[in-house]
Amino acid sequence: MAEISATSFPSSSSAALALRSSLNGNIRCQNVACLRTTSLFQELSVKRSQLSGNAVATTTHVPLTRGCKSQAIRAVLSGDGQTVVSADSKEAGLRGKLKKVVLAYSGGLDTSVIVPWLKENYGCEVVCFTADVGQGIKELDGLEQKAKASGASQLVVRDLTEEFVKDYIFPCLRAGAIYERKYLLGTSMARPVIAKAMVDVAAEVGADAVAHGCTGKGNDQAIFFLVRFELTFFSLNPELKVVAPWREWEIQGREDAIEYAKKHNVPVPVTKKSIYSRDRNLWHLSHEGDILEDPANEPKKDMYMMSVDPEDAPDQPEYIEIGIESGLPVALNGKALSPATLLSELNTIGGKHGIGRIDMVENRLVGMKSRGVYETPGGTILFAAVQELESLTLDRESIQVKDSLALKYAEMVYAGRWFDPLKESMDAFMEKLTEKTTGSVTLKLYKGSVSVTGRKSPNSLYRQDISSFEGSEIYNQADAAGFIRLYGLPMRVRAMLEKGI
């Protein structure tokens, strides 16, 4: 380990340096210097010592590193002119050294420039990762070539659609998790399955870090992205380092990113930029930004992509039957389907009838409010079916407890705490509670509405012979008198007290 301290003088373009070395070697050093550019940099020089290489120092606390023959020297120049330079691996980048990083990659401008940025700043190999969660990933064509042209060693693509629906969507559906009365958690459920896959890929390729391409927009989207991804990283592999370039780099916007890409010979993706910020997967499509930022504005008709305007939907209703086993949907119109296939078909059917449009103002994790419009055609149908079947199979107390826990469950998923022990414990409770929720529900879809027209279950707690208005041997109306007297006793005692009886 070697350490160099430097003291700068305002009137001079150079700095005096004193070398302290604990290395026992005969490594030769010509000098340590940096060029002066504007007021941010100061020229540093040092006479021959036992180290060889060059160091770059700035007036900020940002560590910068330059390679040398057998060592690299990292320099940090503090505001008072003191510089500390330490020996490191020769492959170290400007900000440190990582061996291999798995990057969540889309092929867009932001993630394309992150590849060379990671290599430059961390001296690492970059493995790009792309997940298919049912977003209609047309850009897969040529994506590997894009990634390698940006400097990545390889691209790993995983189809997560079945896992996403089976292990993430369906547990939320079974729990009845709806955030703030409307939001069916489409983005919230997708983040942990992607992050988990990144952790798995990191283990497979021997990576010591993961990175994601959140660009840090002007609201809390960046924080949401970070929380939902990074909490999963922490839960599944706390030893993985997490790199979020937007927290570190000086790229401020699209033009800066394009300039950086050109400088590093990265092909700049030419795409038509949407006026909306969108997130799509097999469960939903969200829209934010532009005119939606004013909650008084009605969304434009051409904004929607998964559903037709209910006014333009067919004039004839469509009836469908959803088969359910232990609280989870398994069939459509009597035909057993895989989770992803079932949801995909319901998206098509529901979208045709204008089902599942939600316009809401929600409370974000950091406390601010945000307006979003969501399209969830298949999910809206499934929620209606599952909750309706529970009316047959769950008693009053079970429904009340389940509904109360569903609020907390939704809050935890929304906040990125998918792998939290409390959430996992609630999953076990929901699975046990709904094990008898088996049967089918018939629904009518018509111009944006979902109406239940029938429900049946072999485990139904509904007994026609008891509930009938006709006479019943099990239910005797005369029994009601004693029950009412006992049930109303607290209210009767309070009234007696107030009246002095």
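Keep in mind that what you see is a predicted model, and the values were worked out from it rather than measured.
The closest donor-acceptor contact from the side chain of D290 to the backbone of L292 lies at 3.5 Å or more, if one exists at all. Without hydrogens or angle criteria, S344 side chain to A340 main chain gives no donor-acceptor distance under 3.5 Å. T161 places no side-chain N or O within donor-acceptor distance of the main-chain N or O of V133, the cut-off being under 3.5 Å. Between the side chain of Q135 and the main chain of L282, no donor-acceptor pair closer than 3.5 Å is present. Side-chain atoms of D208 never come within 3.5 Å of backbone atoms of L240 as a donor-acceptor pair (strictly under, hydrogens ignored). Side chain of T232 to backbone of R228: a donor-acceptor contact under 3.5 angstrom is found. Although no hydrogens or angles enter the test, the distance criterion places a donor-acceptor pair under 3.5 Å between the side chain of K182 and the main chain of D359. In this structure, the side chain of D256 engages the main chain of Q252 through a donor-acceptor pair within 3.5 Å. Put simply, the side chain of S150 gets close to the backbone of K146: a donor and an acceptor are under 3.5 Å apart.
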Practice item. Just do the side chain to side chain contact (heavy atoms under 4.5 Å, CB included) check on V199 and V210 with the steps written out, would you? Key: CA-CA 8 Å; V199 172; V210 289; 5.6 Å; no
Exercise for review: Could you walk me through whether Q154 and C128 pass the side chain to side chain contact (heavy atoms under 4.5 Å, CB included) test, one step at a time?
Suggested key: CA-CA 6 Å; Q154 68 180 110; C128 289; over 6 Å; no
Exercise for review: Determine, step by step, whether K100 and E204 satisfy the salt bridge (Lys or Arg N to Asp or Glu O under 4.0 Å) criterion, reporting the C-alpha distance in whole Å, the side-chain angles of both residues, the deciding distance to 0.1 Å, and the verdict.
Suggested key: CA-CA 11 Å; K100 188 180 295 186; E204 293 168 11; over 6 Å; no
Exercise for review: Start with the C-alpha distance between Y105 and I114, add both sets of side-chain angles, then the distance that settles side chain to side chain contact (heavy atoms under 4.5 Å, CB included), and finish with yes or no.
Suggested key: CA-CA 9 Å; Y105 181 76; I114 287 175; over 6 Å; no
**Study point:** Candidate pair T187 and W283, rule side chain to side chain contact (heavy atoms under 4.5 Å, CB included), full reasoning
**Key:** CA-CA 9 Å; T187 301; W283 183 249; over 6 Å; no
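We find the NZ-OG distance between K119 and S153 to be 8.0 Å, quoted to the nearest 0.5 Å. Interatomic distance, CG of D309 versus CG of D302, reported as 11.0 Å (0.5 Å rounding). Expressed to the nearest 0.5 Å, how far NZ of K196 lies from CG of D167 amounts to 8.0 Å. If you take CD on E325 and OG1 on T437, they are separated by 12.0 Å, rounding to the nearest 0.5 Å. Distance check: S286 OG to I358 CD1 gives 13.5 Å after rounding to the nearest 0.5 Å. Taking NE2 from H353 and CD from Q316, the interatomic distance works out to 10.0 Å, rounded to the nearest 0.5 Å.
Considering only heavy atoms from C-beta on, L346 comes within 4.5 Å of I320 through its side chain. Counting heavy atoms from C-beta on, the side chains of T376 and Y183 never come closer than 4.5 Å. Contact annotation: the side chain of T393 never approaches that of L461 to less than 4.5 Å [non-hydrogen atoms, C-beta and beyond]. Inter-residue side-chain proximity for K352 and E318 is flagged as met; some heavy-atom pair is nearer than 4.5 Å. Counting only heavy atoms from C-beta outward, the side chains of C172 and Y409 approach each other to under 4.5 Å. Side-chain atoms of K99 and C124, non-hydrogen and from C-beta on, never get closer than 4.5 Å to each other. Between V157 and D132, the closest side-chain pair of non-hydrogen atoms is not below 4.5 Å. Between L103 and V127 the shortest side-chain heavy-atom distance does not fall below 4.5 Å.
Between the side chains of T442 and T453, no donor N or O sits under 3.5 Å from an acceptor N or O. Defined by atom type and a distance below 3.5 Å, a donor-acceptor pair is missing between the side-chain atoms of E362 and S370. Between S440 and E321, the side chains place a donor N or O and an acceptor N or O closer than 3.5 Å (distance only, hydrogens not considered). In this structure, a donor-acceptor pair under 3.5 Å is absent between the side chains of N459 and S457. Between the side chains of N121 and E248, not a single donor N or O lies within less than 3.5 Å of an accepting N or O. Side-chain contact, S398 with D395: a donor N or O sits under 3.5 Å from an acceptor N or O.
When each of R455, K402, R174 is checked for a salt bridge (Lys or Arg N to Asp or Glu O under 4.0 Å) with E390, only K402 meets the rule.
Residues D315 and K447 are paired through a salt bridge, judged by an N-O separation under 4.0 Å between the basic side chain and the carboxylate. Between D294 and R371 there is no salt bridge, since no side-chain nitrogen of the basic residue lies less than 4.0 Å from a carboxylate oxygen of the acidic one. R463 has a carboxylate O that lies under 4.0 Å from a charged side-chain N of D465, or vice versa, which qualifies the two as a salt bridge. We find that R247 and E230 are joined by a salt bridge, their nearest charged nitrogen and carboxylate oxygen being less than 4.0 Å apart. Between R278 and E288, no side-chain nitrogen of the basic residue sits less than 4.0 Å from a carboxylate oxygen of the acidic one, so the salt-bridge criterion is not met. A salt bridge links K432 with E435: the distance from a Lys NZ or Arg NE/NH1/NH2 to an Asp or Glu carboxylate oxygen falls below 4.0 Å. In this structure, E388 does not pair ionically with K456, as no charged nitrogen and carboxylate oxygen lie closer than 4.0 Å.
Taking the six-membered ring for Trp and the full ring otherwise, Y179 and Y414 have centroids separated by under 6.0 Å.
Taking the six-membered ring for Trp and thresholds of 30 and 60 degrees, H284 and Y374 have nearly parallel ring planes, at less than 30 degrees apart.
Across every non-hydrogen atom of A406 and G176, the tightest pair is CB-O, 3.5 Å. Here the shortest heavy-atom pairing between T111 and A104 reads CG2-O, 3.4 Å.
Judged by a 6.0 Å distance limit and a 45° cone about the ring axis, R191 is not positioned over the six-membered ring of Y168. Within the cation-pi definition used here (under 6.0 Å to the ring centroid, within 45° of the axis), R357 qualifies as a partner of Y304.
Residue pairs meeting the salt bridge (Lys or Arg N to Asp or Glu O under 4.0 Å) criterion with at least one partner in residues 411-424, sequence neighbours excluded, are K408-E411, R417-D420, K423-D427.
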List the atom pairs, with distances to 0.1 Å, where a side-chain N or O of residues 483-493 and a protein N or O form a donor-acceptor pair under 3.5 Å, not counting sequence neighbours.
none

